[in-house]
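Input: a single structure, listed below in structure tokens.
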Amino acid sequence: MHPYRTHTCGELRKNHVDQTVKLSGWVHRKRDHGGVLFIDLRDFYGLAQAVVHPDRAFFDEASRVRPESVITITGQVVARTPETVNSELPTGEIEVTVEEFKVDSAADALPFPVNQELEYPEDTRLTYRFLDLRHERLRDNILLRSRTAQLTREYMTGRGFIEFHTPILTSSSPEGARDYLVPSRLYPGHFYALPQAPQQFKQLLMTSGFDKYFQIAPCFRDEDSRADRSPGEFYQIDIEMSYITQDDLFVEIEGLMVRLFTELSNRKIVAETFPRIPYREAMEKFGTDKPDIRFGLEMADVSDVFRESEFKVFRGAVEKGGAVKVINASGAAEQSRKFFDDAEAFAKSEGAKGLAWIALRDGEMKGPVAKFLSETERQGLISATNAKDGDALFFGAGPRDETNQLLGRVRVYLGNALNLIDENLAAFCWVVDFPMFEWNPDEKKVEFSHNPFSMPQGGLEALETQDPLDVLALQYDVVCNGVELSSGAIRNHRPDIMVKAFEIAGYDRATVENKFPALWKAFHYGAPPHGGIAPGFDRIVMLLAGEPNIREIIAFPLNQRAQDLLMGAPSMVDDRQLLDILGNNKRLVEEFKKALTQKPSVE
RNA sequence: GGGGGCGUAGUUCAGUUUGGUUAGAACGCUGCCCUGUCACGGCAGAGGUCGCCGGUUCGAGUCCGGUCGUCCCCGCCA
């Protein structure tokens with residue numbers, strides 16, 4: 001007989017009755033009746049009830065074994081009597097009468113129970129992550145992550161994409177987030193950087209002729225964390241294709257997303273061909289470049305209506321070149337006064353000076369600002385918003401971009417407050433036509449608004465003839481439920497257009513050559529037109545799992561302050577290791593250690 | 001770097017508004033009882049620097065100042 005198991009805990013059924021079986025697993029739960037002892041034995045595959053009778057020599061040992069200890073039992077599969085069948089359990093029709101009992105690994109008292117799904121402090125969970133991962137919810141998330149990766153590979157290879165590995169030790173990139181640096185032993189004072197994304201490598205592979213690239217690529221960025229952004233490292237489904245238009249790429253991504261969400265979640269996909277929203281329109285209607293289109297409440301521009309208004313807040317905003325925007329919260333007129341006060345309190349907490357509102361009740365406009373409105377303005381409002389009796393209007397007024405963003409957050413607040421957001425939906429959209437450049441008011445200069453590798457719409461001619469701030473890029477984002485999953489672009493593969501684009505952003509030709517030597521060189525030896533995208537793998541799994549925090553779908557995440565509480569990273573290193581990277585100079589090692597304020601490593 | 005929430009037993013939390021005897025409950029832990037449970041049940045017990053430092057007060061978990069930790073957000077994220 002096998003030393004550990006003849007069956008798994010989840011597979012025993014009625015047809016195994018009378019067989020002698022061996023099971024190994026964790027003690028999930030014990031029910032000690034003094035005269036008879038029940039042990040729920042758990043492994044990866046399920047749960048089985050083991051019964052220990054008091055005449056057995058190991059009865060005392062078994063009754064003392066603590067939850068989560070690993071044991072091996074041998075015994076006979078017995079059919080349960082009808083009264084004792086547990087219909088909740090797949091193995092509930094049988095139990096195993098224990099004849100041999102062995103503790104393989106005794107467990108100490110636990111920092112938190114594994115047999116119940118309760119909330120525990122995250123630092124405790126991360127310190128004992130190996131235990132936390134035994135919880136069903138976390139385990140299911142990790143399995144979902146595995147299936148997501150597997151299905152992605154299946155889909156992508158089925159579509160003719162080639163999977164690559166690109167370097168982890170590479171060079172520091174000139175733009176973007178902070179790099180993680182790795183000191184070089186052979187070249188003291190020199191550093192590798194961990195890649196923020198394999199951006200340049202995948203473009204080089206296109207230039208090498210591989211046509212369709214993909215990689216579930218590790219990316220490293222030294223940024224502060226968020227609920228949906230783990231510090232340090234994350235994964236992207238990195239994709240690049242040659243000889244394509246934007247439309248060709250959208251088809252591939254729509255197919256991948258529909259496949260993943262159809263097979264791995266219960267969310268209903270609102271539209272399998274994702275609607276496309278130009279960036280400018282997204283900002284005007286939703287106040288963000290990642291609109292949540294599971295619900296309406298789109299913003300309308302009523303600046304023209306209030307150009308001559310007696311209501312100074314609105315007229316003033318328009319006179320100063322700003323905007324007056326309005327949201328029609330259909331049916332909200334009957335909400336309590338508290339509802340409107342809470343909405344205003346929210347707007348103020350986001351930085352607004354106030355939140356004007358009007359409720360249409362009994363054929364009249366009611367609310368604090370209604371009395372300022374002329375008949376013409378009332379008509380203008382109604383035609384701009386299609387408002388009818390029972391609706392409520394919420395206003396934002398001020399500088400245009402600021403007002404859009406603020407009222408955009410009010411929109412999401414109202415969507416939640418009015419229960420308009422259906423959690424069972426997956427509402428994808430493309431945001432397209434991002435501007436190529438933007439004005440940096442602090443440094444008073446034009447700069448790239450996304451990444452410098454995008455192809456400007458209209459090519460070289462657009463750069464030469466248009467106002468740079470009017471030039472659009474072949475740059476796009478894919479958004480789901482208000483979460484930005486990915487940015488991508490049709491790339492700029494033409495050295496002459498690169499030079500012109502960088503020139504507009506204030507860099508000379510030498511800068512391009514020095515900053516991006518690989519691409520610069522490669523694009524002089526026959527580069528195919530190409531483009532791609534890189535959806536965030538972790539965020540997709542988050543959406544599939546319905547988890548609000550990215551750490552719940554990562555087996556061993558860093559905590560918010562970028563520490564690994566289990567492994568103790570980051571940590572100080574031996575003098576020997578410091579000597580290696582400081583050119584064997586002992587004096588330098590001492591100065592190095594003295595100079596750095598020694599932030600304590602993780603205990 | 002900045003803002004907000006939270007910090008009381010191993011854990012989840014009550015108590016803080018209005019300062020006043022020995023700081024409670026549940027789960028977990030330890031011991032005892034229990035032969036059909038499946039979140040088994042019953043009895044008993046251990047377990048607390050109320051995050052830390054200082055202040056006000058006859059008296060501080062409770063009020064004040066500072067500080068630390070943690071989570072969320074802003075900045076940051078080509």
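Reminder, nothing fancy here: chain letters follow the sequence lines and each chain counts from 1.
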rG36(B) to rC50(B) separation - C1' atoms, rounded to the nearest Å: 45 Å
Quick check, does His33(A) stack with rC40(B)? I mean ring centres under 5.5 Å and planes off by under 30°. yes
pair_partner(rG1(B)), Watson-Crick or wobble, both distances < 3.5 Å, evaluates to rC74(B)
If we only count heavy atoms from C-beta on, is the Pro557(A) to Ile550(A) side-chain gap below 4.5 Å? no
Atom-pair distance (CG on Asp123(A); P on rU70(B)), nearest Å: 7 Å
Atom P, compared across rA23(B) and rA9(B): separation rounded to whole Å: 14 Å
Any salt bridge linking Arg129(A) with Glu122(A)? Criterion: basic side-chain nitrogen under 4.0 Å from a carboxylate oxygen. no
Rounded to whole angstrom, note down the P distance from rG24(B) over to rU16(B). 15 Å
Whole-Å P distance, rA46(B) and rG41(B): 22 Å
I'd like to know if Asp401(A) pairs up with Arg280(A) as an ion pair, taking the criterion as any Lys NZ or Arg NE/NH1/NH2 lying under 4.0 Å from an Asp or Glu carboxylate oxygen. yes
Whole-Å gap separating C1' (rU35(B)) and CD (Glu95(A)): 12 Å
SB check Arg539(A) Glu484(A) (cutoff 4.0 Å): no
If the plane angle is over 60° it's perpendicular, under 30° parallel, otherwise tilted; pick one for Phe453(A) and Phe516(A). perpendicular
On the ring face of Phe44(A), is Arg139(A) found with NZ or CZ under 6.0 Å from the centre and within 45° of the axis? yes
Any-strand Watson-Crick or G-U partner of rG41(B), both distances under 3.5 Å: rC33(B)
Expressed in whole Å, how much space separates the C1' atoms belonging to rG45(B) and rG7(B)? 29 Å
Heavy-atom protein contacts under 4.0 Å, nucleotides 72-78 of chain B, coded B base, S sugar-phosphate only, - none: BSBBBBB
Watson-Crick or G-U wobble partner of rC63(B), both distances under 3.5 Å: rG55(B)
Take Tyr120(A) and His135(A) through the ring-ring contact (aromatic ring centres under 6.0 Å, His included) test and state the conclusion after the steps. CA-CA 12 Å; Tyr120(A) 288 89; His135(A) 281 123; 7.2 Å; no
Whole Å only: how far is the CD atom of Glu136(A) from the C1' atom of rA39(B)? 14 Å
Just the rounded figure in Å: distance from C1' of rC34(B) to CG of Leu37(A). 12 Å
Hey, what do you get for OG (Ser225(A)) to CZ (Arg551(A)), rounding to the nearest 0.5 Å? 5.5 Å
Check the distance between rU37(B)'s P and Glu83(A)'s CD and give it to me in whole angstrom. 9 Å
Does the rC38(B) base have a donor-acceptor partner in the side chain of Arg80(A) within less than 3.5 Å? yes
By a strict heavy-atom criterion of less than 4.0 Å, which residues belonging to residues 112-119 of chain A are in contact with RNA chain B? Gln116(A), Glu119(A)
Considering only the P atoms, how many Å lie between rU18(B) and rC13(B), rounded to the nearest integer? 25 Å
Would you call the rings of Tyr476(A) and Phe250(A) parallel, tilted or perpendicular, where under 30° means parallel and over 60° means perpendicular? perpendicular
Residue pair Phe346(A), Tyr413(A): steps toward the ring-ring contact (aromatic ring centres under 6.0 Å, His included) verdict: CA-CA 8 Å; Phe346(A) 170 81; Tyr413(A) 171 89; 4.5 Å; yes
Given the C1' atoms of rC76(B) and rG19(B), what is the spacing between them in whole Å? 45 Å
Once you apply the 3.5 Å cut-off to both distances, tell me the Watson-Crick or G-U wobble partner of rG7(B), or none. rC68(B)
First of Gln49(A) and Ala109(A) reached from the 5' end of RNA chain B, by closest nucleotide: Ala109(A)
With a cut-off of less than 4.0 Å, is there a side-chain N or O of Arg66(A) near OP1 or OP2 of rC29(B)? no
Atom CG of Leu110(A) to atom P of rG28(B): distance rounded to whole Å? 11 Å
Span that lies between the P atom of rG51(B) and that of rU30(B), in whole angstrom: 28 Å
Using OP1 and OP2 only, check whether a side-chain N or O of Arg31(A) sits under 4.0 Å from rC40(B). yes
Say whether, by atom type as modelled, one donor and one acceptor occur between the side chain of Lys30(A) and the main chain of Val65(A) under 3.5 angstrom. yes
Does Arg125(A) make a side-chain N or O approach to OP1 or OP2 of rU11(B) shorter than 4.0 Å? no
Take atom CD of Glu88(A) and atom P of rU37(B), then tell me their distance rounded to the nearest Å. 15 Å
Without decimals, in angstroms, what is the distance between Ile94(A) CD1 and rC38(B) P? 18 Å
Any base atoms under 4.0 Å from Arg64(A), or only sugar-phosphate, or nothing? Heavy atoms, all strands. nothing
